[in-house]
Chemist: 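Pasting in a structure now, in structure tokens, and then I'll have a few things to ask.
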Amino acid sequence: MLSSVRLASASVTILLASTTSSFAVTAPSPVALSGAIAPGGSGGTYVAFTNPVLNANGQVAFQASLTGGTSTGGVFTGLSGLLQAVALQNTAAPNGELYGTLYTSATTVTVNLNNSGQLAFISPLTGGTPTSGIFTGTSAGTLQLVALQSNAAPAGGNYLAFAATGINAASSPVINPNGQVAFSSTLTGGSPSPGAGIFVGTPGTLQTVALLGGATPAGGVYTTALTAPVLNNNGQVAFVSLLGTSSPQVLFAGAPGSLQSVMVQATTAPGTGGQLYGTPNSISYNDAGKISYTSSLTGGASTSGVFAGTPGNIQPVVLNNTVAAGGSGGTYTSISNATVNKLGQVGFTSTLTGGTAASGLFQTTLGGTVRAVALAGDVDPDGSGATIASFSSGEVQNGVGMVTFIANLTGAGVTSGTNSVALLAGLPGFLVQIVRQGDIIDVNADPLITDSRTVSVIGLLINAGGQDGKGVNFNDSAVIAYRLGFTDGSAGIFTSVVPEPATLSLLALGGMSLLRRRTTAK
């Protein structure tokens with residue numbers, strides 16, 4: 001049987017038009033590994049991890065379960081070899097209570113990280129009256145309390161619960177590079193009792209963005225639901241609220257005190273020939289004030305679309321039931337997972353019908369040509385002969401136009417549950433494979449010691465544009481962070497470096513492919 005083995009050094013030199021371009025697609029580099037002693041002095045070792053987040057400086061942050069010590073979970077951040085414990089279960093939080101459960105599952109991520117190394121996270125609390133809190137800081141010694149359950153909120157009343165529901169719920173609290181945090185909370189008490197609100201600011205300087213029962217820029221009052229917000233570097237937030245018991249849903253964006261309505265359900269969607277907006281979803285926001293979102297549509301040929309722009313100047317990016325990019329001959333059907341990055345590029349996912357591909361990932365600029373990032377049926381770039389069957393994640397965009405995502409594979413040599421999932425990254429039209437289920441990799445960072453393990457699970461954050469306060473795992477230096485699980489039950493956090501855009505463009509022009517793997521007899 002053949003088994004794919006990760007190259008110990010993936011440096012490759014390629015000659016292009018008499019110019020030698022040397023670049024490295026690095027093998028997975030371990031940041032944290034189950035069985036290793038976790039920092040912080042609890043005496044415990046790592047067991048399992050959430051999908052990591054990553055900032056511009058290569059620092060990672062993640063939650064982990066622990067065993068054998070005084071804490072069974074914690075939040076950790078830093079560089080490989082220089083990790084710090086930010087918070088450990090059963091240790092004192094800044095308010096004097098004890099942190100509660102800090103790890104529940106690999107898919108539950110409540111930690112976000114900005115480019116200054118500051119984290120924002122929610123933690124349950126024990127030992128007193130408050131049951132949860134929101135905290136921010138760079139390490140255990142610098143953490144500050146942002147908001148505490150049962151304490152007074154800026155708008156009157158007390159915080160009741162920070163576990164947001166609805167659109168973008170998993171992103172609360174979000175944090176921008178200036179250290180501002182945005183979050184939603186249900187509230188109790190106050191006169192009149194507002195029921196819920198959205199807040200933004202730094203510890204001690206929080207502002208109220210919106211309150212249930214408060215007047216909205218679209219007329220009427222916020223009612224029934226306020227979704228968790230996204231937040232850009234200028235302190236502008238975006239969120240969705242109902243103006244009635246069931247409708248209309250309205251997307252709002254802007255700074256506290258200067259919010260604008262971006263779209264209103266059952267009003268005319270621009271560029272659709274008079275079709276009406278349905279419900280908004282998949283909200284993303286960049287520092288230039290450009291916002292992207294998906295919406296269902298009624299009253300015409302399209303039933304959904306992606307829209308982007310600034311409040312008052314929104315345009316359709318793509319509408320379903322139109323011809324899809326990439327030459328598959330199909331049309332867009334179910335469109336989702338819209339994000340906007342620093343360059344204003346909008347990425348989205350769509351199922352397809354009527355052509356050779358059943359689904360695809362796409363990227364475009366506002367008013368520009370849509371490009372297919374990858375289509376079902378595309379050949380896996382590792383050279384094995386397998387093809388992409390579908391996508392188990394939307395794409396994460398970095399600020400230089402590169403993307404990363406997880407693909408499900410089929411075809412040559414693929415056995416379900418053994419080697420059928422791969423992590424891909426790169427530019428649209430030129431992707432490389434980072435790691436694949438079934439790869440045997442060396443998890444020991446010491447070049448003199450080999451500890452080979454077989455990959456069974458690949459974990460990646462999904463659907464991020466990089467400037468909306470939500471954690472990302474792909475930075476502008478082309479470093480990607482991800483979680484791997486292995487067939488022996490162990491797991492770890494890893495990073496790899498993807499070829500930078502200039503190198504990938506040269507390779508694409510030269511018509512050359514990069515083989516990330518070699519095969520050896522097992």
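Note: hydrogens, waters and symmetry copies are ignored here, and every other heavy atom, side chains too, is used. Along the sequence shown, residues carry numbers from 1.
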Chemist: Do Asn473 side-chain atoms and Ile480 backbone N/O form a donor-acceptor pair below 3.5 Å?
Modeler: no

Chemist: Identify the two heavy atoms, one from Asn55 and one from Asn475, that lie closest to each other, and give their separation to 0.1 Å.
Modeler: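 For Asn55 versus Asn475, the nearest heavy atoms are O-ND2, 3.0 Å.
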
Chemist: Side chain to side chain contact (heavy atoms under 4.5 Å, CB included) with Ser392: which of Ile458, Ile406, Ile462?
Modeler: Ile406

Chemist: Between the side chains of Tyr482 and Ser496, is a donor N or O closer than 3.5 angstrom to an acceptor N or O?
Modeler: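 Checked: Tyr482/Ser496 side chains pair up, N/O donor to acceptor below 3.5 Å.
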
Chemist: For the residue pair Val250 and Thr216, establish whether any side-chain heavy-atom pair is separated by less than 4.5 Å.
Modeler: no

Chemist: Indicate whether any N or O donor in one side chain lies under 3.5 Å from an N or O acceptor in the other, for Thr72 and Gln89.
Modeler: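 Gln89 and Thr72 do have a side-chain donor-acceptor pair below 3.5 Å.
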
Chemist: Can you find a pair of side-chain heavy atoms, one from Phe239 and one from Leu226, that are under 4.5 Å apart?
Modeler: yes

Chemist: Does any N or O in the side chain of Thr223 come within less than 3.5 Å of the main-chain N or O of Leu242, such that one atom is a donor and the other an acceptor?
Modeler: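 Side chain of Thr223 to backbone of Leu242, a donor-acceptor pair under 3.5 Å: yes, one is there.
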
Chemist: Looking at Pro217 and Leu259, what are the two nearest heavy atoms and their distance?
Modeler: CG-O, 3.3 Å

Chemist: Can you check whether Thr138's main-chain N or O pairs, donor with acceptor, with Thr142's side chain at less than 3.5 Å?
Modeler: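 Pair found, side chain donor or acceptor close to backbone of Thr138.
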
Chemist: Would you confirm whether Thr136, through its side chain, and Leu119, through its main-chain N or O, come within 3.5 Å as a donor-acceptor pair?
Modeler: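 Yes: the side chain of Thr136 pairs with the backbone of Leu119.
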
Chemist: Taking only residues two or more places apart in sequence or in another chain, which ones pass side chain to side chain contact (heavy atoms under 4.5 Å, CB included) with Ser334?
Modeler: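 Expected list: Thr351.
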
Chemist: Show your working on side chain to side chain contact (heavy atoms under 4.5 Å, CB included) between Ile434 and Val498 and close with a plain yes or no.
Modeler: CA-CA 8 Å; Ile434 307 304; Val498 185; 3.8 Å; yes

Chemist: With a 4.5 Å limit on heavy-atom distance, are the side chains of Phe362 and Thr349 in contact?
Modeler: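 No - every pair of side-chain heavy atoms lies 4.5 Å or more apart.
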
Chemist: Find out whether Asn233 and Asn178 are in side-chain contact, i.e. whether some heavy atom of one side chain is under 4.5 Å from a heavy atom of the other.
Modeler: yes

Chemist: Measure across Leu461 and Pro52 and return the closest heavy-atom pair with its distance rounded to 0.1 Å.
Modeler: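 It is CD1-O, 3.3 Å.
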
Chemist: Would you say the side-chain atoms of Asn337 and Ser282 include a donor-acceptor pair closer than 3.5 Å?
Modeler: no

Chemist: Tell me whether Asn114 contacts the main-chain N or O of Ile175 through its side chain, where contact means a donor paired with an acceptor under 3.5 Å.
Modeler: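 Not at all, since once roles are kept as given, no pair shorter than 3.5 Å links the two residues.
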
Chemist: Checking side-chain polar atoms at under 3.5 Å, does Glu395 have a donor or acceptor matched by the opposite partner on Gln363?
Modeler: no

Chemist: Counting the benzene-type ring for Trp, do Phe135 and Tyr99 have ring centres under 6.0 Å apart?
Modeler: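 Under 6.0 Å, so yes.
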
Chemist: So do Val318 and Phe348 actually touch side chain to side chain, heavy atoms under 4.5 Å?
Modeler: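 Phe348 reaches Val318 side chain to side chain.
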
Chemist: Nearest heavy-atom pair of Val200 and Ala182: which atoms, and what distance?
Modeler: CG2-CB, 4.0 Å

Chemist: For Asn232, is there any backbone N or O sitting under 3.5 Å from a side-chain donor or acceptor partner on Asn176?
Modeler: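 Yes, because the side chain of Asn176 sits within donor-acceptor range (under 3.5 Å) of the backbone of Asn232.
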
Chemist: Any chance the side chains of Gln397 and Thr339 put a donor and an acceptor closer than 3.5 Å?
Modeler: yes

Chemist: Pick one: which of Asn398, Asp476, Asn286 meets side chain to side chain donor-acceptor pair (under 3.5 Å) with Lys342?
Modeler: Asp476

Chemist: For the residue pair Tyr293 and Tyr285, confirm or rule out a side-chain donor-acceptor distance under 3.5 Å.
Modeler: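 Absent: no donor and acceptor within the cut-off.
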
Chemist: Of all heavy-atom pairs between Ala308 and Leu366, which one has the smallest distance, and what is that distance?
Modeler: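 Smallest interatomic distance, heavy atoms only, reads O-CD1, 3.6 Å.
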
Chemist: Checking Thr202 side chain against Thr205 main chain: does a donor-acceptor pair fall under 3.5 Å?
Modeler: no

Chemist: With no hydrogens and no angle check, just 3.5 Å: does a side-chain donor-acceptor pair link Thr303 and Asn320?
Modeler: yes

Chemist: Could you tell me the separation between the CG atom of Asn57 and the OG atom of Ser116, rounded to the nearest 0.5 Å?
Modeler: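 If we round to the nearest 0.5 Å, Asn57:CG and Ser116:OG are 8.0 Å apart.
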
Chemist: Do Gln467 and Asp287 meet the criterion of a side-chain donor-acceptor pair at a distance under 3.5 Å?
Modeler: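 A pair is found: one side chain offers a donor N or O, the other an acceptor, under 3.5 Å apart.
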
Chemist: Do side-chain atoms of Ser80 reach the backbone of Pro30 as a donor and acceptor pair under 3.5 angstrom?
Modeler: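 The answer is yes, because a donor-acceptor pair under 3.5 Å joins these two groups.
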
Chemist: If you count the non-hydrogen atoms of other residues, nucleotides and ligands that lie under 6.0 Å from CG in Leu79, is the total more than 12?
Modeler: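 Yes - once you tally the heavy atoms of other residues, nucleotides and ligands closer than 6.0 Å, there are more than 12.
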
Chemist: Just how far is it from atom CG of Asn313 to atom NZ of Lys290, taken to the nearest 0.5 Å?
Modeler: 9.5 Å

Chemist: With rounding to the nearest 0.5 angstrom, report the CG to CG distance, Asn95 to Leu98.
Modeler: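 Separation between the atoms: 9.0 Å.
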
Chemist: Given Leu424 and Phe405, is the side chain to side chain contact (heavy atoms under 4.5 Å, CB included) satisfied, shown in steps?
Modeler: CA-CA 6 Å; Leu424 305 181; Phe405 58 92; 3.8 Å; yes

Chemist: When you look at Leu460 and Thr404, which way does the side chain to side chain contact (heavy atoms under 4.5 Å, CB included) test go after all the steps?
Modeler: CA-CA 9 Å; Leu460 187 76; Thr404 185; 4.2 Å; yes

Chemist: When you measure from the side chain of Ser65 to the backbone of Ala48, do you find a donor-acceptor pair of N or O atoms at a distance under 3.5 Å?
Modeler: yes

Chemist: Give a yes or no answer on whether the side chain of Gln59 reaches the backbone of Gly78 with a donor-acceptor pair at less than 3.5 Å.
Modeler: no

Chemist: So Leu484 and Val435, do their side chains get closer than 4.5 Å, heavy atoms only?
Modeler: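 SC-SC contact between Val435 and Leu484 confirmed.
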
Chemist: Quick check, are the ring centers of Tyr103 and Phe49 under 6.0 angstrom apart?
Modeler: no

Chemist: Step by step, would you call Val400 with Phe474 a side chain to side chain contact (heavy atoms under 4.5 Å, CB included)?
Modeler: CA-CA 10 Å; Val400 294; Phe474 195 20; over 6 Å; no

Chemist: If you look only at pairs with a residue in residues 143-154, which of them pass as a side chain to side chain donor-acceptor pair (under 3.5 Å), with sequence neighbours excluded?
Modeler: Thr131-Gln149

Chemist: I want to check something: taking the side chain as every heavy atom from C-beta on, are Leu54 and Val479 in contact at a cut-off of under 4.5 Å?
Modeler: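 When only atoms from C-beta onward are counted, Val479 and Leu54 do touch, with a gap below 4.5 Å.
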
Chemist: Provide the closest heavy-atom pair for Leu297 versus Ser302 in the form atom of the first, atom of the second, distance.
Modeler: CB-O, 3.5 Å

Chemist: Below 4.5 Å, heavy atoms only, C-beta onward: do Ile314 and Ile291 meet side chain to side chain?
Modeler: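 When only atoms from C-beta onward are counted, Ile291 and Ile314 do touch, with a gap below 4.5 Å.
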
Chemist: Any donor-acceptor pair under 3.5 Å linking the side-chain atoms of Ser390 with those of Asn408?
Modeler: yes

